[in-house]
Protein chains: 2
Amino acid sequence: MATIKQVCELAGVSAATVSRVINGSDRVIEATRKKVQAAMDELGYQPNLAAQALASNRSNTIGMVISGLDGPFYGTMMAAVEAQLRELNRHLLIASGHGNAESEEEAIKYLSSRQVDGLILLTEGLSSEALLAISQSIPVFLINQQVPGLENRNVWLDNFGGAYRATQHLIEQGHRNIVCIGGPAFKQDANDRVAGFETAMRDAGLDVSGQPIFRVTFGVEGGRQAMNYFREQQLEYSAVVAGSDETAVGVYEWAEENGLVIPDDFSVIGFDNMNLSAYVRPKLSTVAFPIVEMAKASARMAFDVIYNKAHSEGVEFNTELVLRNSVKAL
Amino acid sequence: MATIKQVCELAGVSAATVSRVINGSDRVIEATRKKVQAAMDELGYQPNLAAQALASNRSNTIGMVISGLDGPFYGTMMAAVEAQLRELNRHLLIASGHGNAESEEEAIKYLSSRQVDGLILLTEGLSSEALLAISQSIPVFLINQQVPGLENRNVWLDNFGGAYRATQHLIEQGHRNIVCIGGPAFKQDANDRVAGFETAMRDAGLDVSGQPIFRVTFGVEGGRQAMNYFREQQLEYSAVVAGSDETAVGVYEWAEENGLVIPDDFSVIGFDNMNLSAYVRPKLSTVAFPIVEMAKASARMAFDVIYNKAHSEGVEFNTELVLRNSVKAL
DNA sequence: TTGTATGCGTTATCAG
DNA sequence: CTGATAACGCATACAA
């Protein structure tokens, strides 16, 4: 491994100058820059990261904690963040949490001890207060998490709008009695989706006072539970908006178990556009969102504020309705 | 951030001694060790990684390249590797490839320039020769890739056995005319699965000379292609063994498009046990394997040989048949 | 615009 | 078993 010393000898300049061209300083004349660049190329020089980090007190590494890597789109998100960061010549250190505050806290502690320059968080367990506290000591960037005081560090999905449009679509198809399976109440995105449902209903002059909303944990089992609940309540409905595609699968299973057929007996619309939504029968109509773009935006934002002291602004991403075969027009 | 200097002042020893207790050297008497430990605890001391790396010429980081993070189980694998490494006090640097040799090569180059201490490779594009070449300059550990000369650095799945048992199961259920959709011929695991199929057939005295094997790229579309091919060949079959669950989904779709019902008209068995196999109807019988265990084993192996100069041995993992509803007894 | 000198926090060599 | 001390490779004031 060539060192800066060999480069400066070959180029006939000082180490400081080489360091300047490495870091793209503008205080170096074009001629010397070229000379140095040539020397670096000839030697195949690669800066030693540890030395850089030690001298500059910067690891050039951003940490990312993901609450559970086996989730539907977390892998994709991570890959996109990694790609973006690599392009910007920074690195990504991953720590996977397990969906609970404790393990996420531990992951953050781990990353901090690895002295990352900043944190990208795709977590579910941490409270707003905890997040805010962490951000005092290290730049924090959020994905899909609205935290008061960190609005400008967040990249989020218009969950409200997505659910609104999904519900609206059902209404346009003639449905009036619509039931909603919401995610857990401690999850921001779940709440926004439920709110989107309610608003769309009200805007259409439809009643939502009859308990048509049931909260469950996301996942297949939740969908089944909710459907049983609706039956116990003897609710009439011709369509259900599910808080997630997985929940929708639970609804599918419940329908199957009860001899009901979708969308003839009732319609279903999901949220997330996971792969499975195209595999399931009937193919699931659902709400899609730009995973990769969101991830890249987050990485970009982190880069800009951490390394360029840029001012950042929160950015909202929009959903898109993906119409398949789980909704019937009445 | 406390430094080693403050620790040694507080403990009344030299930096060298502190360093020794940090690294668990045995050449330090118990009394001083305790003294130092107490000082470290009191100060909340955390060694500076960059300084350690610079001085020791070791990053304590292992790089991992994954050919495509959005794949079915790659995220899970990565999370498991990360967890294992973290437990061992090492770090994971990720680089995602895109399933082709070029991007994987670039990912490796990237990780090397980040001076990782070793590489865990879950790739698909790189040739054996390329892999072998890379391993000359840096310790390489493989997941699911048999490379001559790197046998002892590999953790792999018994793809042959898995396909063998799947086929055998079909035969036990009374099937005689069985057709096989294989993955691409340049993929080791695909070949092993095909071989497992052939052997199981032969062992049962069944004929495989009539072109019952068709190779496609993995994925839904591949399954459809293969089924069309079988029809063109006017092959008779009562069951198909698919090279992957995704391929099996393609078979499902083809059946649906052609008004055939599984498993009444023909049976299907998959491979991988992805989530979708439980979501699809009928639920897919398939071949499962221990993703997390394989990942951990790989991380452990890398750790042992890189940091403890241990000798390693390749380890094979076994599959398990997961019986659901896509196979009918004849 | 460039060079000099110093320090970053550890590890490792060599004495003691 | 412990202590000095010289690297490790680079960044950055400061000087020129």
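Chain letters run A, B, ... following the sequence lines, proteins first and then strands; every chain starts at 1. Owing to the predicted nature of the structure, the values given are computational and were not obtained by experimental measurement.
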Check your understanding: Between D:dG9, C:dT10, C:dT4, which nucleotide has the shortest distance from any of its atoms to the side chain of B:Tyr45?
Key -> C:dT10
Review point. B:Gln46 near the nucleic acid: base, sugar-phosphate alone, or nothing, with a heavy-atom cut-off under 4.0 Å?
Key: sugar-phosphate
Check your understanding: Which is true for B:Asn23 with a 4.0 Å heavy-atom rule: it touches a base, it touches only sugar-phosphate, or it touches nothing?
Key -> sugar-phosphate
Point to revise | Value in whole Å for how far the C1' atom of D:dT5 lies from CD1 of B:Ile4 | key: 14 Å
Exercise for review: Using a strict cut-off of less than 4.0 Å between a Lys/Arg side-chain nitrogen and an Asp/Glu carboxylate oxygen, indicate whether B:Arg33 and B:Glu30 qualify as a salt bridge.
Suggested key: yes
Exercise for review: Remember a base hit wins even if backbone is also touched, and classify A:Leu54 as base, sugar-phosphate or nothing at under 4.0 Å, heavy atoms.
Suggested key: base
Check your understanding: On the ring face of A:Tyr110, is B:Arg86 found with NZ or CZ under 6.0 Å from the centre and within 45° of the axis?
Key -> yes
**Study point:** B:Ser56, nearest nucleotide to its side chain (from C:dA12, D:dC10, D:dA13)
**Key:** C:dA12
Check your understanding: Which distance, rounded to the nearest 0.5 Å, do you find between the CG of B:Asn57 and the CG of B:Asp117?
Key -> 8.5 Å
Check your understanding: Which sits closer to the 5' end of DNA chain D, B:Ile29 or B:Asn57, going by the nucleotide each is nearest to?
Key -> B:Ile29
Practice item. Can you tell me the distance, in whole Å, between the CD atom of A:Gln6 and the P atom of D:dG9? Key: 9 Å
Review point. Just how far, in rounded Å, is C1' of C:dT2 from NZ of A:Lys35?
Key: 10 Å
Check your understanding: Counting just side-chain N and O atoms, does B:Ser19 come under 4.0 Å of either OP1 or OP2 of C:dT11?
Key -> yes
Review point. What's the CG-C1' distance between B:Asn60 and C:dT11, to the nearest Å?
Key: 12 Å
Check your understanding: Can you tell me how far C1' of C:dG9 sits from CG of B:Asn48, to the nearest Å?
Key -> 6 Å
**Study point:** Protein-nucleotide distance (A:Glu30, atom CD; C:dT2, atom C1'), rounded to Å
**Key:** 16 Å
Check your understanding: Side chain of A:Arg20: nearest nucleotide among C:dT2, C:dG9, D:dT2?
Key -> C:dT2
Exercise for review: Answer yes or no: is there a donor N or O on one side and an acceptor on the other, between the side chain of A:Thr3 and the main chain of A:Lys5, under 3.5 Å?
Suggested key: yes
Exercise for review: Name the residue closer to the 5' end of DNA chain D, choosing between B:Ala55 and B:Ser14 according to the nucleotide with the nearest heavy atom.
Suggested key: B:Ser14
Practice item. Check whether any side-chain N or O of B:Thr32 sits under 4.0 Å from OP1 or OP2 of D:dC1, and answer yes or no. Key: no
Point to revise | Distance, rounded to the nearest Å, where B:Leu49 contributes CG and D:dG9 contributes C1' | key: 17 Å
Practice item. Starting at CD1 of B:Ile62, measure out to CG of B:Leu93 and round the result to the nearest 0.5 Å. Key: 11.0 Å
**Study point:** Spacing between B:Lys34 atom NZ and D:dC1 atom P, to the nearest angstrom
**Key:** 16 Å
Practice item. Compare side-chain N and O positions of B:Thr17 against OP1 and OP2 of D:dG3 and report whether any pair is under 4.0 Å apart. Key: yes
**Study point:** Phosphate contact (D:dC8 OP1 or OP2) by A:Thr3 side-chain N/O below 4.0 Å
**Key:** no
Exercise for review: Give a yes/no on whether any side-chain N or O of A:Gln52 is located under 4.0 angstrom from OP1 or OP2 of D:dA11.
Suggested key: yes
**Study point:** Minimum-distance nucleotide (side-chain atoms of B:Ala16 versus C:dG9, D:dT2, D:dA4)
**Key:** D:dA4
Exercise for review: Select base, sugar-phosphate, or nothing to describe what A:Val18 touches, counting heavy atoms under 4.0 Å on all strands.
Suggested key: nothing
Study note, to complete from the structure: Quick note, B:Pro47 side chain, CB onward, closest among D:dA11, C:dT10, D:dA13 is C:dT10
Check your understanding: Which atom pair, heavy atoms only, marks the closest approach of B:Ser67 to B:Glu124?
Key -> OG-CG, 3.2 Å
